Engineer: 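First, the structure itself, so that you have it in front of you.
Here is the naming used below: chain letters follow the sequence lines, and residue numbers restart at 1 for every chain. Predicted model, so just to flag it, every value in this text is computed and none were measured. Worth knowing before you read on, the calculation uses all heavy atoms, side chains too, and leaves out hydrogens, waters and symmetry mates.
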2 protein chains.
Amino acid sequence: MTDDTRWLAPEESAAWVRLVAMAELLPGALDAQLLRDAGLTHFEYAALMAIAEAPARTIRMTELASRTNATLPRLSHVARRLEERGLITRFPCPEDRRATNARITEAGLDLISRAAPGHVETVRANVLDALTPTQLEQLYEIAGAVLTRLDPDERLTATSCQFSEGPVVGGERLRSSAR
Amino acid sequence: MTDDTRWLAPEESAAWVRLVAMAELLPGALDAQLLRDAGLTHFEYAALMAIAEAPARTIRMTELASRTNATLPRLSHVARRLEERGLITRFPCPEDRRATNARITEAGLDLISRAAPGHVETVRANVLDALTPTQLEQLYEIAGAVLTRLDPDERLTATSCQFSEGPVVGGERLRSSAR
DNA sequence: GGGTGTTGGTTGTCGATACAAGTAATCGCG
DNA sequence: CGCGATTACTTGTATCGACAACCAACACCC
């Protein structure tokens with residue numbers, strides 16, 4: 001019984017353990033802060049952000065699912081809850097009546113505008129402030145290389161920065177695109 | 001209304017988006033392969049591994065929770081299911097009768113021994129093979145820095161490599177420590 | 001214009017986790 | 001000792017996501 005498995009070298013194992021730990025702890029940290037301060041999961045926040053940044057603050061469900069790395073059923077459930085809370089509205093797409101459009105409401109915009117500063121602060125406190133500019137660039141390259149394997153369709157690498165919480169969310173630029 | 005939030009610079013946003021995407025997609029990829037090939041979630045696999053590597057293949061619940069980044073309630077539920085499947089046994093700790101010890105069974109050892117090669121292959125295919133040795137070292141440093149923020153107790157950085165799937169799991173070394 | 005297949009989305013069910021509450025054993029300390 | 005506080009874990013409840021099944025609309029093709 002020959003075993004041709006290429007087991008992990010110590011350096012590989014050490015890096016892997018840390019990566020897994022980070023991947024497991026990060027979502028919980030993001031959810032905890034957002035739930036406490038805004039009553040939103042990180043996924044809900046990201047979805048609302050993606051809608052807000054879309055032209056006319058409206059986006060198709062499939063496009064939104066792709067932008068948020070979600071399956072369509074998951075997004076459907078989340079969208080229903082967000083709609084029940086009055087944060088988004090859904091309506092059939094005129095061009096393709098199979099499709100559904102999601103639009104963020106004023107209440108939704110208000111909520112993410114209020115939630116954004118705290119979230120950005122959390123991101124800085126937990127991740128960005130721990131890294132040097134060089135490490136930030138390295139992280140960008142490393143995550144990009146991994147995503148090529150994890151997400152063969154490259155949906156992510158193609159989309160622009162959906163989390164650019166800069167002036168886009170500050171208020172004016174967010175609304176100016178709509179009216 | 002002054003806004004003193006330090007919004008994300010483009011380089012920060014780009015790296016952050018990729019990190020979040022990686023953190024969201026990685027667990028699913030690991031679970032999918034292990035569930036398909038061994039009927040285990042990645043968390044269950046990691047837990048069984050941690051037990052197998054402990055002295056006498058036995059470990060306390062609290063220690064195991066720390067090693068696997070899990071809350072105690074979560075671990076308790078998982079342990080019950082693993083026990084029902086005959087992969088581990090639980091019994092009160094003799095020294096401290098509040099505590100519970102978990103020990104992996106022969107069936108559990110067999111299962112992770114059979115699951116390990118496929119899992120290692122998945123880790124290589126999705127992550128390690130995408131990185132250069134230099135990037136591996138960078139990832140180790142970056143994840144270490146982030147974990148210092150995410151896991152203030154530093155439980156993780158203190159523990160040795162629980163995923164070292166080398167000779168430890170090959171069969172002999174795993175059992176030699178037990179009898 | 002009517003199959004046939006594909007796309008877009010929703011719904012139902014089930015398993016899994018978080019959170020809160022509860023229990024039992026141990027520790028600290030007067 | 002003996003009583004409160006802490007530790008270690010379990011259980012119950014509610015929520016969330018995965019998967020599969022389903023339905024409606026479009027696309028094509030002859």
Engineer: Please work out which of the three classes, parallel, tilted or perpendicular, describes the rings of His119(A) and His42(A), given edges at 30° and 60°.
Structural biologist: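 Taking His119(A) first and then His42(A), their aromatic rings sit tilted (interplane angle of 30° to 60°).
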Engineer: Please enumerate all residues that pass salt bridge (charged side-chain N to carboxylate O under 4.0 Å, His left out) together with Asp129(B), with sequence neighbours excluded.
Structural biologist: Arg6(A)
Engineer: Would you list the pairs meeting salt bridge (charged side-chain N to carboxylate O under 4.0 Å, His left out) in which at least one residue belongs to residues 113-126 of chain B, sequence neighbours left out?
Structural biologist: Glu12(A)-Arg124(B)
Engineer: Which of residues 85-101 of chain A have a heavy atom under 4.0 Å from DNA chain C?
Structural biologist: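 Listed by number, they are Arg90(A), Arg98(A), Ala99(A), Thr100(A).
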Engineer: Roughly, in whole Å, what's the span from CG in Asp31(A) to C1' in dC19(C)?
Structural biologist: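 Result: 14 Å.
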Engineer: Atom NE2 of His42(B) and atom P of dA16(C): how far apart are they, to the nearest Å?
Structural biologist: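 To the nearest whole Å, that distance equals 16 Å.
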Engineer: Between dT11(D) atom C1' and Met61(B) atom CE, what is the distance in whole Å?
Structural biologist: 13 Å
Engineer: Output one letter per nucleotide in nucleotides 12-19 of chain D: B when a protein non-hydrogen atom lies under 4.0 Å from the base, S when only the sugar-phosphate is that close, - when neither is.
Structural biologist: B---SSBB
Engineer: Return the set of residues passing side-chain contact (heavy atoms from CB on, under 4.5 Å) with Glu95(A) (not counting sequence neighbours), or none when no residue passes.
Structural biologist: Arg60(A), Cys93(A)
Engineer: Name all pairs fulfilling the salt bridge (charged side-chain N to carboxylate O under 4.0 Å, His left out) condition that reach into residues 30-42 of chain B, sequence neighbours left out, sorted by first residue then second.
Structural biologist: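 Every candidate salt bridge (charged side-chain N to carboxylate O under 4.0 Å, His left out) pair involving residues 30-42 of chain B fails, so no pair, neighbours aside, qualifies.
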Engineer: Between atom CD in Glu63(A) and atom C1' in dT7(C), what is the gap in whole Å?
Structural biologist: 15 Å
Engineer: What's the CG-C1' distance between Leu64(B) and dA8(D), to the nearest Å?
Structural biologist: 14 Å
Engineer: Between dA16(C) atom P and Glu84(B) atom CD, what is the distance in whole Å?
Structural biologist: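 Computing the Glu84(B):CD to dA16(C):P distance gives 11 Å.
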Engineer: For Arg98(B), what residues pass the side-chain hydrogen bond (donor to acceptor under 3.5 Å, both in side chains) criterion, not counting sequence neighbours?
Structural biologist: Asp96(B)
Engineer: Nearest-Å distance, CZ (Arg80(B)) to P (dT17(C))?
Structural biologist: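 In whole Å, dT17(C) P and Arg80(B) CZ are 11 Å from each other.
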Engineer: Rounded to the nearest Å, what distance is computed from the CG atom of residue Leu72(A) to the P atom of nucleotide dT11(C)?
Structural biologist: 12 Å
Engineer: Just wondering, do Val146(A) and Leu25(B) contact through their side chains at under 4.5 Å, heavy atoms?
Structural biologist: no
Engineer: Once side-chain hydrogen bond (donor to acceptor under 3.5 Å, both in side chains) is applied, do any residues pair with Glu83(B), and if so which ones, sequence neighbours excluded?
Structural biologist: Arg90(B)
Engineer: According to side chain to side chain donor-acceptor pair (under 3.5 Å), does anything in residues 133-143 of chain A pair up with another residue at least two apart or in another chain? List the pairs.
Structural biologist: Tyr140(A)-Arg18(B)
